[in-house]
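Reading through the structure tokens given below for one structure.
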2 protein chains.
Amino acid sequence: MKIGDVAKATGLSIKSIRYYHDIGLVQAERGDNGYREYNSSQLEALQFVQHCRELGFSIEECKDLLQLKHDPQRCASDVKRLASEHLKVLEQRMASLADLHAELSELVNQCHGGDSPDCPIIEGLSGKSCCHH
Amino acid sequence: MKIGDVAKATGLSIKSIRYYHDIGLVQAERGDNGYREYNSSQLEALQFVQHCRELGFSIEECKDLLQLKHDPQRCASDVKRLASEHLKVLEQRMASLADLHAELSELVNQCHGGDSPDCPIIEGLSGKSCCHH
DNA sequence: CTTGACTCTCCAGTTACTGGAGACTTTAAC
DNA sequence: GTTAAAGTCTCCAGTAACTGGAGAGTCAAG
């Protein structure tokens, strides 16, 4: 299977697949012409990686998960721990985004939005320090 | 005021301040020794930028906001529009993070976590395609 | 035989910085 | 007066995870 087919099958871009090859995440064999040649297990690995990336795992985490996937000695608790840690990160990001959103939307709500230069948003952003933490 | 003092006053790192100088966001004068010399209006601008960055605005957005801040002809509606657009971005990010979180936590919940290699998380990540979109 | 599609490598750019090297200046202590 | 520490300067490289593009080779169809 050549890289273009793999791209279609996985939904990854050709560039990404080459990148994953370069960093050693999922490496292909080479044909006589130098083209990358992917077999079904490499295809599966790339699909796996793509799902992990979709769920917000970093490349490093994908590497770890891929290793666990291919390790018949793995224990489910290891996988669960990794995933749970990632869940925590997601939760932290969500919380801090929610904070930002609350703060900014308060400023936006205070702003009447007319033609005058008088604007509580600018004033809020100019404020010496922020009271929310 | 020298760069170290500005760093202490604003909470920005020296590196960031120099970076902002380099990209023309907030530029300082130079003393005879070549040191950057910041006056109070530049300090204020940097504080403004720091608040904007804390609220998740990009450098480009900071540039725009800074211009609005220093424009006596500005209208509040322009500021409000910029901020509202940013709010929308924040909302999109929050929504997609929530999606990720839901999907991953479902997988994690399905996993008993014991010593066996049998793991629904790995299986879920290996799955051919994702049903949630 | 040529055209178009596909692949290759290598380089640069993205965002918003951070870290470090090597050199200079200023400040404080002795 | 000297010296050591702290502060500042510039420049280069690296981060994460790619994307875009140049220039060249390869393959299949008409």
Whether over 12 other heavy atoms sit under 6.0 Å from B:N39 CG
yes
Can you tell me if B:D5 has over 12 outside heavy atoms packed within less than 6.0 Å of its CG?
yes
Looking at every non-hydrogen atom in both residues, tell me the closest pair between A:I14 and A:G4 and how far apart they are.
CD1-CA, 4.1 Å
Quick check: closest heavy atoms across B:P72 and B:H70, and the distance to 0.1 Å?
CD-O, 3.3 Å
Is it true that a side-chain atom of [X] and a backbone atom of [Y] form a donor plus acceptor pair closer than 3.5 Å?
| X | Y | value |
| --- | --- | --- |
| A:E106 | A:E103 | no |
| B:H112 | B:D118 | yes |
| B:K80 | A:C111 | yes |
| A:S16 | A:L12 | no |
| B:R30 | B:Y35 | no |

Once you round it to whole Å, what is the distance between [atom2] of [N] and [atom1] of [X]?
| X | N | atom1 | atom2 | result |
| --- | --- | --- | --- | --- |
| B:Y19 | D:dC9 | OH | P | 18 Å |
| B:I17 | D:dT10 | CD1 | P | 14 Å |
| A:E54 | D:dA17 | CD | P | 15 Å |
| A:F57 | D:dA16 | CZ | C1' | 17 Å |
| B:D22 | D:dT10 | CG | C1' | 9 Å |

Side-chain N or O of B:R30 closer than 4.0 Å to phosphate OP1/OP2 of D:dT8
no
If a protein heavy atom is under 4.0 Å from the base, mark B; if only from the sugar-phosphate, S; if neither, -; do that for nucleotides 25-30 of chain D going 5' to 3'.
BBS---
Heavy-atom nearest nucleotide on DNA chain D for B:D5 versus B:K15: which residue maps closer to 5'?
B:D5
Once you apply a heavy-atom cut-off of 4.0 Å, does A:I3 come out as touching a base, just sugar-phosphate, or nothing?
sugar-phosphate
Identify whether any heavy atom of A:R18 sits under 4.0 Å from a base atom; if not, whether one sits that close to sugar-phosphate; answer base, sugar-phosphate or nothing.
base
Identified side chain to side chain contact (heavy atoms under 4.5 Å, CB included) partner of A:Q42 from the options A:Q27, A:M1, A:E29
A:E29
Under a 4.0 Å threshold between the charged nitrogen and the carboxylate oxygen, would B:E85 count as salt-bridged to B:K88?
no
Footprint ends on DNA chain C, 5' to 3', for atoms under 4.0 angstrom from a heavy atom of chain B, come out as C:dA16 to C:dT26
Hey, can you pull the residues of residues 7-14 of chain A with a non-hydrogen atom under 4.0 angstrom from DNA chain D?
A:S13
